[in-house]
Amino acid sequence: METGGPPAVVVKKVPLTPKAEIHKRFGEKACYTVEEVHEPTHNGCPGLAIPQKGPSLYRCCLQLPEFSVVSETFRKKMDAKQSAAAMALEKLGINPATDTAAQDPSDALVARLLYLFSNEFLIDLGIVGHLYLNQLIWTFEVLIDNVLLICVIGVKFLSSPHPLSCHFRAALQRAGHLSCLVPISILAIYDAKLGSLCKTINPKVESDPLLIMSLVLKAAHRSSGSVTTREDQLSLQRGNPYPPEIMQTLFNQQSSLAGSIWILAILIPCSEEKAVVPLMLKVAPNDYYLDVIAQKLGLCDASTVIISRTIGKASLEMRLYFCAPKSCLGELSSGLLHSAEAVYPEGSLNKRGSYLSGQLIHGDAILASIGYKWKSSDLFYEDVSLRTYYRILVSKTPSGLYKLSRDAVLAAELPAAFTSRTNWRGSFPRELLRTFCCHHRLSEPVFSIVSNPLESLTKFPGSPKKLKVTESSNQVINEGANDISGSVPTGSRETFSCEVKIFSRCQDLIIKCSPKQSFKKQNDAFQNASLRVLSWLNKYFKKLDMALEELTSCGEVLDIQFDSQLFIKEFSLAVSVYTFWQSIGVQEEDKVLDSACINQLNRILGDKVSFIDLKGPDSGVSPSNGWLVCIVYSICLVTGGEYEKELVESTEDFEFEIGSGAVISCLESVVAQMSVGQSARFYMKFPPQELIVASARDPSLILPVLTPGGCSLECTTTLLRVTEPLEDRMEQALFSPPLSKQRVDYAVQHIKESCASSLVDFGCGSGSLLESLLEFPTSLEKIVGVDLSRKSLAHAAKILYSKLSTSSDANASSTFIKSVLLFDGSITIFDSRLYGFDIGTCLEVIEHMEEDQAHLFGDIVLSKFCPRILIVSTPNYEYNVILQRSTPQEEDPDDSNHQQSCKFRNHDHKFEWTREQFGRWASDLAARHNYSVEFSGVGGATDKEPGFASQIALFRRGDECPRNADVTHKYSVIWEWNST
């Protein structure tokens, strides 16, 4: 994968804005007067006596010593000022684009620093309050009118304070030798122009705050004494004192704090061996909060405190505060530190702090949410607890982002698949990937949609068959576009695939995902590609010591390529931070269910469940794969005894889709075994302690009892309701009994007619057919189910065992059943143990496979398994128009594909065939393998359009079963029952 080299440090020329150019040339002699203009509005109602107010427009008059100009009207005051300044420059014959006024960034930085410490800046920021406004007006009124106008501008800023105004006010009011000293760190953080100039000079300042200090100090040394500093101090002050009027105004202003405030913060030690601990900050009314933080860091004052960028939401003012390394102070204060890089003492890097902020943090650091915000002169503050700290850590992992979006840190898990927009809960994968990149200071992911036009479908009316296309027919379209360039044949459709690229801040390509899978909707392509990248990243964060070969192998499975050096560089700090993360995702080995110990169902698939207490009657309504369930759950920390519990996490009306992996496996396994109205209590495997702290509402109650082996996690849940997939709801709305029941009745009828003694259900799922067979008197003695979903097989085993164990009554219909087997395996792979059964069934299964796999299954089952009778059912696509007309549809705002007249009945269907297509498929199979075939169906009639809702092909073997010489066991036995 090609990547660019490291960016060179390029010094750019920074053009000044027209207003900045005028200020540089004329200073305070340039006077801007802005007036609001009310233009007549056309209300469309002649003679209306009520005055109509139009939008606010502004016009600016710029008065220079020799002439004045008036701008056009604008919606924004600043635009009017810039326009007036541009007109003045034009009148003066100055072109900022070609004039020497385009300063070198270093010179511009000096000019910006001089402005920040000028009287004009304090007036512009509103430092001079309204208490002395009249005095100032009176003092300067006899001189020039524009002085009055500058004061008016000051009043305007008072209504919308800049954060720097509050910092300057606090710094100028500091006592003793600290008076008027302004920490450089606040200039770099709160003055965007200064920060931008520093980034232009040296892009590395974005990751190393200390380099900004060096650049600002160098600029101060070039200011000819206008801005000065002191030895070993990272603070600046004016060379000349501020005017008495300004100082007097400051001293007369009172703090908004009525009394001392206590703020909870977090101390993050530099040493990884030391724990992160909470601490309290006490800020008195006349205290500068940076000095308070400095004292907690063991410093006398804030002169050497460095401030990081915001962490999390910018509005929370959550930042890291740390001390500049002592070894760098001498070079910094003298301006000798090399501007391209800084050399730090070995072992001083605070890895946890650096990982949180994306900047180099050295020594102990304090994480606090405190500071001055825009449009407020009051000190903002908010407690930062251990829960906050660990939630920030959790939010920097793909799975953690999803957990937080669902407010279920312990219960939720990043889903394994994006099934449908309607069933997805929480933030969507595309949004999660964007947030992940933002948290890790990566560029926003780049999505490229590829349109794959399909061949004309007039040959197969109504067929949504996916045909392969050559690479040359692919067309790349812009993100979110609905129109596709080039001509598309009439009656054709296109599918979409999405490529995702993730770049570093320096625009080096780190990750590229190019899925081969295509989708009918652009949104599905976006979301599935994003989820692939998230899933791959999640594997890495769950196993940070993963070998490069294993990481590459995982990437190949998900169609992901990556630059290993750049990847390791970007996430190197995660290895030391997430030492606790390694236990996540560890599962026990799979276990085979035995009828003598059916409780092993609770531990299938490595579920972290040690005990299940199920309460409530069985309502008969249980969820299956694809069903949307709603539960209420609570997770408690149990210590000492069953009655000593502390609530850790609870949620009401928590929805997720069964089989999607949207919750931890143990919770999904338990819910899959419940029916609506039932409650369950079980004990979970203990997760990492940090996750528990991140989830707990009050960590102070949890931390004292979080001792290894001294407590356990108890989860209680109630299944409130289930929502069947759209396919089942459509069928139930139109058919009575439901199509699923009609299909079972059809199969039972042919089982009776054929006097079959053995049956295998290919794709048995949760065992609905096998369960139904126990309710009818048949000749069956052996029934077998095969499926790929172990969770579905576990559910089937529980239901079958429950019914078989209660069939001791001599009149029970299932007394002829002698053996039941459930296998885990693919129905496209042969296993000799299922050879030569009397009857095989495959009801509503093949449409969940890719079409080539459905063709493969047909050949394998008739040539290898060789059942005497095979019953295959699949939806009739032509019937969908009736089903969907009878049932309210779930609208998908991203479904822009209007060429498909009907949607598939289930989001998981890869295809749905018309009668002609199904007939051709079945007839070709029968002819190749010496079977006869009959066509029928349920839900509808042969002689009425559009036929049956569910079409059925019944294959009969034409001769004796050939002898099987291939003995192979490819399936795993999941559960076995014998009547003896």
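Worth knowing before you read on, the calculation uses all heavy atoms, side chains too, and leaves out hydrogens, waters and symmetry mates.
- The main-chain N or O of Cys866 is found under 3.5 Å from a side-chain atom of Arg957 such that the two form a donor-acceptor pair.
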_The test is side-chain hydrogen bond (donor to acceptor under 3.5 Å, both in side chains); show your working for Thr841 and Asp761 and say whether it passes._
CA-CA 5 Å; Thr841 56; Asp761 187 15; 2.8 Å; yes
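- The shortest side-chain heavy-atom distance between Ile799 and His795 falls under the 4.5 Å cut-off.
- A donor-acceptor pair is defined here as one N or O able to donate and one able to accept, closer than 3.5 Å; no such pair exists between the side chain of Ser669 and the backbone of Ser665.
- Ring planes of Phe418 and Trp424: tilted class, angle from 30 to 60°.
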*Are Thr419 and Glu657 close enough, and set up right, to give a side-chain hydrogen bond (donor to acceptor under 3.5 Å, both in side chains), and what steps lead you there?*
CA-CA 9 Å; Thr419 54; Glu657 181 182 347; 2.5 Å; yes
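- Using a 4.5 Å heavy-atom threshold, the side chains of Phe496 and Asp524 count as separate.
- Between Thr723 and Glu655, the closest side-chain pair of non-hydrogen atoms is not below 4.5 Å.
- Counting heavy atoms from C-beta on, the side chains of Asn528 and Pro429 never come closer than 4.5 Å.
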*Could you go through the side-chain contact (heavy atoms from CB on, under 4.5 Å) check for Phe830 and Thr968 one step at a time?*
CA-CA 8 Å; Phe830 175 65; Thr968 178; 3.7 Å; yes
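- Leu667 places none of its side-chain heavy atoms less than 4.5 Å from the side chain of Glu413.
- A donor-acceptor pair shorter than 3.5 Å can be found between the side chains of Glu912 and Asn880.
- Shortest non-hydrogen contact noted between Cys764 and Asp787 is N-OD2, 3.4 Å.
- With values rounded to the nearest 0.5 angstrom, Glu934 atom CD is found 5.5 Å from Leu954 atom CG.
- A distance of 8.0 Å separates CD1 in Ile658 from OG in Ser660, rounded to the nearest 0.5 Å.
- With rounding to the nearest 0.5 angstrom, the CD1 atom of Ile846 is 4.0 Å from the CH2 atom of Trp921.
- Atoms CG and CG, from Leu770 and Leu822 in turn, are 7.0 Å apart once rounded to the nearest 0.5 Å.
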*Going through the distances and angles, do Trp977 and Tyr801 end up as a ring pair (Phe, Tyr, Trp, His ring centres under 6.0 Å)?*
CA-CA 8 Å; Trp977 180 90; Tyr801 177 78; 8.5 Å; no
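- Minimum interatomic distance between Pro623 and Leu719 (heavy atoms only, all atoms of both residues): CD-CD2, 4.0 Å.
- Arg868 approaches Ala756 most closely through the heavy-atom pair NH2-CA, 4.1 Å.
- Between the CD1 atom of Ile751 and the CD1 atom of Ile869 there is a distance of 9.5 Å, given to the nearest 0.5 Å.
- Below 30°, between 30° and 60°, or above 60°: for Tyr971 and Phe823 the angle between ring planes is between 30° and 60°, a tilted geometry.
- The side chain to side chain donor-acceptor pair (under 3.5 Å) test with Trp913 singles out one residue from Gln951, Glu847, Glu851, and that residue is Glu851.
- The CG atom of Leu780 lies 7.5 Å from the OG atom of Ser758; values are rounded to the nearest 0.5 Å.
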_Derivation and outcome, side-chain contact (heavy atoms from CB on, under 4.5 Å), residues Gln517 and Ser497_ = CA-CA 6 Å; Gln517 189 178 7; Ser497 57; over 6 Å; no
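- Residue Lys970 qualifies as open at atom NZ: its count of foreign heavy atoms under 6.0 Å is 12 or below.
- Side-chain atoms of Lys803 do not come within 3.5 Å of backbone N or O of Leu774 as any donor-acceptor pair.
- Among all heavy-atom pairs drawn from Gly939 and Gln742, the shortest one is N-OE1, 3.3 Å.
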*Intermediate values then yes/no, side-chain contact (heavy atoms from CB on, under 4.5 Å), Phe948 and Asn876*: CA-CA 7 Å; Phe948 294 103; Asn876 173 14; 5.5 Å; no
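- In terms of heavy-atom proximity, Ser826 sits nearest to Leu788 at N-CD2, 3.8 Å.
- Put simply, the side chain of Ser779 does not reach to within 4.5 Å of the side chain of Ser757, judged on heavy atoms.
- Remark: the backbone N or O of Ser622 is not paired with any side-chain donor or acceptor of Ser675 at under 3.5 angstrom.
- Note on ring orientation: taking the six-membered ring where Trp is involved, the planes of Tyr746 and His750 are tilted (angle from 30° to 60°).
- Checked for salt-bridge contact, Lys741 and Asp745 meet the test: a charged N lies under 4.0 Å from a carboxylate O.
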*Start with the C-alpha gap between Ile817 and Ile783, add the side-chain angles, then the distance that decides, and say whether side-chain contact (heavy atoms from CB on, under 4.5 Å) holds.*
CA-CA 8 Å; Ile817 300 293; Ile783 58 175; 4.2 Å; yes
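- Side-chain atoms of Ser802 never come within 3.5 Å of backbone atoms of Lys798 as a donor-acceptor pair (strictly under, hydrogens ignored).
- Residues Lys539 and Glu550 fail the side-chain proximity criterion, which asks for heavy atoms closer than 4.5 Å.
- Note: Phe904 and His909 have tilted aromatic rings, judged against thresholds of 30 and 60 degrees for the angle between ring planes.
- Residue Glu878 comes nearest to Arg915 through the heavy atom pair OE2-N, 2.9 Å, listed as atom of the first residue, atom of the second, then distance.
- Contact check for Thr828 versus Met849: side-chain heavy atoms found under the 4.5 Å cut-off.
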